[in-house]
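Below is one structure, written out as C-alpha cells; comments come after it.
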Amino acid sequence: MKTMKDELAQVMDKRRLNQAYTTMMQAAVADEAVQAFLQQNADALAPDAVNRGAAKIYEYVNARDGKVTTPMQQAGYTPKLVVSNRLIDITYEPTPAKRAQEAQASQKALVTSLNMPKAIAAARLADYDPTNRGDALVQALTFTTELAKAPRAFHKGLYLTGPFGVGKTYLMGAMANDLAKQGLASTLVHWPTFAVEMKAAIGDQTVLPKLDAIKKAPVLMIDDIGAESLSPWIRDDVLGILLQYRMQEELPTLFTSNKTMAELTDFLAGVEVGNNEGLKAQRIMERIRFLATEVAVGGRDRRNG
Ligand code: ADP
Ligand code: MG
C-alpha cells in the first residue's frame with residue numbers, strides 16, 4: 001500500500017514534469033520563426049491550432065536546431081511549418097545543398113558518354129583558353145545558345161578539326177555540359193570504339209539496337225571520326241544510315257576529327273589504302289556538310305605540354 005508520502009511525491013513529480021513540459025512548449029512557441037509563422041498564418045489557422053499543434057512546434061524547433069536528427073534530415077531535408085486542415089503540421093524540404101546536389105545529378109544524367117574520357121565531365125566553356133582557338137569557342141557558344149533558345153528547330157552543328165591534343169574533345173564535352181545546364185540532353189560517342197563494338201555486335205544481333213540508341217539522340221556528338229580503321233560496312237551501313245537519319249530528322253549533330261573535311265573525304269574513299277571509292281565517300285561527306293560547319297581548332301598540344 002502506498003504511503004501518503006509516496007502519493008504526495010508522485011503528485012509533486014507529475015507537477016514538475018508538467019511544469020518542465022510547459023516551459024519547453026512555451027520556449028518553442030516563443031521561437032522567432034514559429035512566431036513569424038503563426039502571425040503570417042493567423043487567418044488560416046484554427047483558434048486552438050497552437051494547443052493542438054504544440055508537439056509539432058516542439059518537433060520543428062528541435063529538428064531545425066539539430067537537437068534531434070530525423071531520417072529526413074540525414075537525407076538532406078530541413079523541417080518547415082505548414083498549415084494543414086487549419087492545423088499546424090511539418091513538411092521536410094530539400095536543403096540548398098541537397099537542391100544543388102539534385103540539380104547536379106539531373107544535369108549529369110543529361111549527358112550520355114559512350115567510351116569518352118572521364119575528364120570531359122568537368123569540361124566547362126568558361127574554362128576554355130581561347131588562345132589560337134577563339135573562333136572555335138565563339139562558334140561553340142553560339143551553337144549552345146541558339147539551340148537552347150529554340151531546341152526544336154534545326155541547328156547546324158560543328159565539325160571541329162585540328163591536330164591531336166588541341167582540345168577538340170574537351171570543347172565538345174564543354175558544349176554538352178553547357179547544354180545540360182540548360183536542360184538539354186546530348187550523347188557523346190567515341191567513334192573508333194563504337195565502330196569496333198558495332199563489328200563485334202554483328203555476331204550477337206545487337207547492331208540495330210546499338211545504332212538506334214545513338215541515332216535518335218537529341219544532340220549527337222561524334223568524337224574522333226576518321227580515326228577508326230576504315231571499313232566499307234561501317235562507312236555505308238552504320239555511319240551512312242546514322243547520318244541519313246540525323247539529316248532527315250534535322251537533329252543537331254557534331255563531330256571532332258584530326259582530319260579536315262577534305263582529308264576525311266580521302267580517308268573514306270580509301271585513298272590512303274589505294275582504293276578509289278570517291279562516290280561513296282562523297283555521299284557521306286554531303287551528309288556531314290549538311291549537318292555541320294567545319295571549324296579549325298588551333299593552339300598547342302595540351303596532352304604533351
Ligand atoms: P583533342 O581531342 O583535340 O585531341 P583533347 O580535348 O583530348 O584534345 O585535349 C587534350 C588534353 O588537354 C586533355 O587532357 C584535355 O582534358 C586537356 N584540355 C583541353 N582543353 C582544355 C582546357 N581548356 N582546360 C583544361 N584542360 C584542357
Ligand atoms: Mg579528341
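A donor-acceptor contact shorter than 3.5 Å links the side chain of D31 to the backbone of V34. Using a distance-only test at 3.5 Å, with no hydrogens or angles considered, no donor-acceptor pair links the side chain of T169 to the main chain of G167. T256 places a side-chain N or O within donor-acceptor distance of the main-chain N or O of D224, the cut-off being under 3.5 Å. Using modelled atom types, no side-chain atom of T144 and backbone atom of D178 make a donor-acceptor pair closer than 3.5 Å. Of the possible donor and acceptor atoms, one in the side chain of R287 sits under 3.5 Å from a partner among the backbone N and O of G240. No donor-acceptor pair under 3.5 Å is formed between the side chain of S113 and the backbone N or O of M116. Side-chain atoms of K56 never come within 3.5 Å of backbone atoms of L87 as a donor-acceptor pair (strictly under, hydrogens ignored). Under a 3.5 Å cut-off, the side chain of K168 and the backbone N or O of A296 do not form any donor-acceptor pair. One N or O on the side chain of K259 and one on the backbone of G226 form a donor-acceptor pair closer than 3.5 Å. A donor-acceptor pair is defined here as one N or O able to donate and one able to accept, closer than 3.5 Å; no such pair exists between the side chain of T206 and the backbone of I202.
Q282 approaches T265 most closely through the heavy-atom pair NE2-CG2, 3.5 Å. The minimum heavy-atom distance linking T253 with A292 is given by the pair O-CB, 4.0 Å. Nearest heavy-atom pair, S84 versus D89, reported as atom, atom and distance to 0.1 Å: CB-CB, 3.9 Å. When all heavy atoms of R246 and I214 are compared, the closest pair comes out as NH1-O, 3.6 Å. Of all heavy-atom pairs between A148 and Q182, the closest is CB-OE1, 3.0 Å. Minimum heavy-atom separation, E59 to Y92: OE2-OH, 3.2 Å.
Under a hydrophobic-cluster definition in which Ile, Leu, Val, Met, Phe, Trp and Tyr are linked whenever side-chain heavy atoms come within less than 4.5 Å, directly or via other members, M175 and L114 are assigned to different clusters. L239 and L279 are assigned to two separate hydrophobic clusters, defined by single-linkage of ILVMFWY side chains at heavy-atom distances under 4.5 Å. Linking Ile, Leu, Val, Met, Phe, Trp and Tyr residues whenever their side-chain heavy atoms come within less than 4.5 Å leaves L110 and L125 in two separate clusters. Under the 4.5 Å side-chain heavy-atom criterion for grouping Ile, Leu, Val, Met, Phe, Trp and Tyr, I284 is not connected to V271 through any hydrophobic cluster. Hydrophobic clustering (ILVMFWY, side-chain heavy atoms < 4.5 Å, transitive): Y77 and V82 are in distinct clusters.
In R283, the CZ atom is not crowded: 12 or fewer heavy atoms of neighbouring residues, nucleotides or ligands sit closer than 6.0 Å. More than 12 heavy atoms of other residues, nucleotides or ligands sit less than 6.0 Å from atom NZ of K210. Within 6.0 Å of NZ in K280 there are 12 or fewer heavy atoms belonging to other residues, nucleotides or ligands. Other residues, nucleotides and ligands contribute over 12 non-hydrogen atoms within 6.0 Å of the CD1 atom of I241. Within a 6.0 Å sphere centred on NZ of K108, heavy atoms belonging to other residues, nucleotides or ligands number 12 at most. No more than 12 heavy atoms of other residues, nucleotides or ligands shown are found within 6.0 angstrom of CG on N85. In this structure, Q74 places its CD atom where more than 12 heavy-atom neighbours from other residues, nucleotides or ligands lie under 6.0 Å away.
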Q73 vs T78, side-chain contact (heavy atoms from CB on, under 4.5 Å): CA-CA, chis, key distance, verdict
CA-CA 6 Å; Q73 281 174 297; T78 182; 5.5 Å; no
Derivation of the side-chain contact (heavy atoms from CB on, under 4.5 Å) call for F37 and V83:
CA-CA 9 Å; F37 167 81; V83 180; 3.9 Å; yes
Verdict with reasoning, L254 to Y159, per side-chain contact (heavy atoms from CB on, under 4.5 Å)
CA-CA 6 Å; L254 299 89; Y159 179 102; over 6 Å; no
Show your working on side-chain contact (heavy atoms from CB on, under 4.5 Å) between K156 and F143 and close with a plain yes or no.
CA-CA 8 Å; K156 201 164 175 166; F143 175 81; over 6 Å; no
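Rounded to the nearest 0.5 Å, atoms CD (E294) and CD (Q139) are 11.0 Å apart. Note that the CH2 atom of W233 and the NZ atom of K199 stand 8.5 Å from one another [nearest 0.5 Å]. For the atom pair OG1 of T95 and CD of E102, the computed distance is 8.5 Å after rounding to the nearest 0.5 Å. One finds the NZ atom of K181 at 11.5 Å from the CD atom of Q104 (value rounded to the nearest 0.5 Å). Interatomic distance, R124 CZ to L171 CG, rounded to the nearest 0.5 Å: 13.5 Å. Atom CG of L268 and atom CG of D236 lie 9.0 Å apart (nearest 0.5 Å).
Residues Y60 and I88 form no side-chain contact, since every pair of their non-hydrogen atoms from C-beta on lies 4.5 Å or further apart. For the pair P117 and Y170, the minimum side-chain heavy-atom distance is 4.5 Å or more. Between S186 and T112 there is no side-chain heavy-atom pair separated by less than 4.5 Å. Counting only heavy atoms from C-beta outward, the side chains of K80 and I90 never approach each other to under 4.5 Å. Residues I57 and M25 form no side-chain contact, since every pair of their non-hydrogen atoms from C-beta on lies 4.5 Å or further apart. Counting only heavy atoms from C-beta outward, the side chains of I225 and I288 approach each other to under 4.5 Å. The shortest distance between side-chain heavy atoms of T187 and V219 does not fall below 4.5 Å. For the pair L291/L243, a side-chain contact is recorded, criterion being any heavy-atom separation below 4.5 Å from C-beta on.
Checked for salt-bridge contact, R289 and E286 miss the test: no charged N lies under 4.0 Å from a carboxylate O. Salt-bridge formation is detected for the pair R235/E277: a Lys NZ or Arg NE/NH1/NH2 atom is positioned less than 4.0 Å from an Asp or Glu carboxylate oxygen.
The aromatic rings of F290 and F154 lie parallel to each other, their planes meeting at an angle below 30°, with 60° marking the opposite boundary.
There is no side-chain donor-acceptor pair under 3.5 Å between Q107 and N177.
Here the options are N115, V238, L242, I234, the test is side chain to side chain contact (heavy atoms under 4.5 Å, CB included), and the partner is F194; only V238 passes.
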